[in-house]
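Presented below is the structure to which this report refers.
The structure displayed is predicted, hence computed values, not measured ones. Position 1 is the first residue of the sequence, and the numbers go up from there.
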Amino acid sequence: MSWSASSLFDELLRAEHEREAQRVLEAHGLWDDPSAWRLLGDRENNFSIVGNQHSDPTGAFVEKIVNSIDAVLMAGCHRAGIDPEGATAPESMTEAVERFYHVRHGRLGQEDSRSLTTLADNIHLIAVGSKDSPSYLVVDRGEGQTPNSFPSTFMSLAESNKLRIPFVQGRFNSGGTGVLQFCGTENLQLLASRRNPHSPVAPGDDSSDLWGFTLVRRVEPRADERRKSSMYMYLAPGGEVLRFAADAVLALPGDVKGRKQPSPYAAPLQYGTVVKLYDYRWRAKSIATTEARFE
């Protein structure tokens, strides 16, 4: 292997369009290597699950923000030393926001601008690429996941990961895949994560201090296959997502000398989750026409 996991991640993170990301994988011999890819949810018929999530790109995108909110609330719960499924856990999102982030009555409208700025730093929505074909980063400082847990969390389908946690919104472990059908023509999504140091780790998981990352894609049936429908796969050479050691990744916008506006990929993220949606296809007069973006 002539490349490192950390350098590959950096190339994929900075690729602003799906064709650029595809070229990166082709250059490293990964795009056309069947052994480098694993079935999403370990299900061959996963296209029916993913394709039936949303008919509207806006609703699908909102699910990504919901997942980030859930991750931040879970991180607050872990930091407080409370079992999210236990009897002392909050019974609602409003209660969780008040208890873990000290928001009066769980309502942001009652907070001052300084408090709101501090809270907002937990979740970032960043637009990059071109106006006619924007890509988006959704970055949170939530609970994060270990590389070893990706198959049972981010890359799983229809599992009951949040079903017994009353203060989160996502319950059915499928909303995060709704965006895929709106990501360019290859349906590419990059996802990276590192576990929050306050969050528990499964016994025997030796990847808790590492960054893990993968890229999801749609694979159409070949002419010589009996399979008739597409399927979704994720990058996992040898069956495992790629991983690397780093104190932080440059996934957040920040100030760069000589530039008046913040630049992407300039500030560090120590833990949490990074999602990049390449060439997201909005409908007319959507967020793509009003969202501030980095170019």
Side-chain angles (χ1 to χ4, degrees), residues 1-40 46-47 50-51 53-54 57-58 60-61 64 125-139 154-155 176-192 212-223 225 229-237 241-242 244 249-253 263-266 273-284 286-289 291-295:
M1 186 172 68
S2 60
W3 45 269
S4 68
S6 60
S7 64
L8 177 61
F9 168 70
D10 192 58
E11 288 183 78
L12 292 172
L13 180 66
R14 293 170 183 268
E16 303 297 37
H17 298 285
E18 70 168 9
R19 186 64 188 109
E20 294 174 29
Q22 183 178 343
R23 281 197 292 264
V24 168
L25 294 172
E26 288 172 341
H28 296 306
L30 293 168
W31 184 260
D32 294 316
D33 180 3
S35 68
W37 300 87
R38 179 171 171 175
L39 285 166
L40 184 65
N46 54 36
F47 182 78
V50 174
Q53 293 302 312
H54 282 279
T58 302
F61 196 91
K64 282 298 185 187
L125 171 57
I126 308 150
V128 294
S130 58
K131 283 188 177 182
D132 60 339
S133 187
S135 295
Y136 291 89
L137 288 143
V138 182
V139 185
F154 295 129
M155 299 297 121
T177 63
V179 295
L180 292 174
Q181 60 185 311
F182 304 110
C183 293
T185 58
E186 301 291 341
N187 295 176
L188 297 190
Q189 173 193 261
L190 176 68
L191 193 150
F213 74 96
T214 189
L215 187 139
V216 182
R217 64 183 283 205
R218 176 178 174 174
V219 179
E220 296 183 353
R222 300 192 310 267
E225 286 184 308
S229 66
S230 299
M231 58 187 179
Y232 285 95
M233 306 192 78
Y234 65 97
L235 186 64
V241 300
L242 294 165
F244 59 92
V249 295
L250 294 177
L252 294 171
S263 298
Y265 320 116
T273 299
V274 180
V275 176
K276 186 163 191 175
L277 311 175
Y278 297 95
D279 297 336
Y280 201 71
R281 301 193 307 273
W282 297 98
R283 292 192 176 143
S286 67
I287 190 173
T289 65
E291 173 75 34
R293 63 179 51 77
F294 299 102
E295 298 183 27

Heavy-atom pair with the smallest gap, counting every atom of [X] and [Y]:
{"X": "N46", "Y": "L40", "answer": "ND2-O, 3.0 Å"}
{"X": "S230", "Y": "F47", "answer": "O-CB, 3.0 Å"}
{"X": "L242", "Y": "A5", "answer": "CB-CB, 4.3 Å"}
{"X": "L13", "Y": "Y265", "answer": "O-OH, 3.3 Å"}
{"X": "Y280", "Y": "A60", "answer": "OH-CB, 3.7 Å"}
{"X": "A266", "Y": "P253", "answer": "CB-C, 4.5 Å"}

Charged N to carboxylate O below 4.0 Å: is that the case for R23 and E11? no

E18/K276 salt bridge by N-O under 4.0 Å criterion: no

Assign the ring pair F9 / F213 to parallel, tilted or perpendicular, where the plane angle (0 to 90°) is split at 30° and 60°. tilted

Got [X] and [Y] here, is their nearest side-chain heavy-atom distance under 4.5 Å?
{"X": "S135", "Y": "D279", "result": "yes"}
{"X": "T214", "Y": "F154", "result": "no"}
{"X": "P221", "Y": "S229", "result": "no"}
{"X": "V249", "Y": "F244", "result": "yes"}
{"X": "V216", "Y": "L188", "result": "no"}
{"X": "T273", "Y": "V139", "result": "no"}
{"X": "V24", "Y": "R14", "result": "no"}
{"X": "V274", "Y": "L137", "result": "yes"}

Between V50 and Q181, does a side chain to side chain contact (heavy atoms under 4.5 Å, CB included) hold up when you go through it step by step? CA-CA 8 Å; V50 174; Q181 60 185 311; 5.7 Å; no

From [atom1] ([X]) to [atom2] ([Y]), nearest 0.5 Å:
{"X": "M155", "Y": "T177", "atom1": "CE", "atom2": "OG1", "value": "10.0 Å"}
{"X": "L30", "Y": "S35", "atom1": "CG", "atom2": "OG", "value": "8.5 Å"}
{"X": "Y278", "Y": "E186", "atom1": "OH", "atom2": "CD", "value": "13.0 Å"}
{"X": "Y232", "Y": "W37", "atom1": "OH", "atom2": "CH2", "value": "13.0 Å"}
{"X": "L235", "Y": "L25", "atom1": "CG", "atom2": "CG", "value": "6.0 Å"}

[X] side chain vs [Y] backbone, donor-acceptor pair below 3.5 Å:
{"X": "N187", "Y": "R218", "value": "no"}
{"X": "Q189", "Y": "C183", "value": "no"}
{"X": "S4", "Y": "S7", "value": "yes"}

Under the ring pair (Phe, Tyr, Trp, His ring centres under 6.0 Å) rule, what do Y136 and F61 come out as? Steps first, then yes or no, please. CA-CA 10 Å; Y136 291 89; F61 196 91; 5.4 Å; yes

With no hydrogens and no angle check, do the side chains of S133 and S130 hold a donor and an acceptor under 3.5 Å apart? no

Do L215 and Y234 pass the side chain to side chain contact (heavy atoms under 4.5 Å, CB included) test, and can you show the C-alpha distance, the side-chain angles, and the key distance before you say yes or no? CA-CA 5 Å; L215 187 139; Y234 65 97; over 6 Å; no

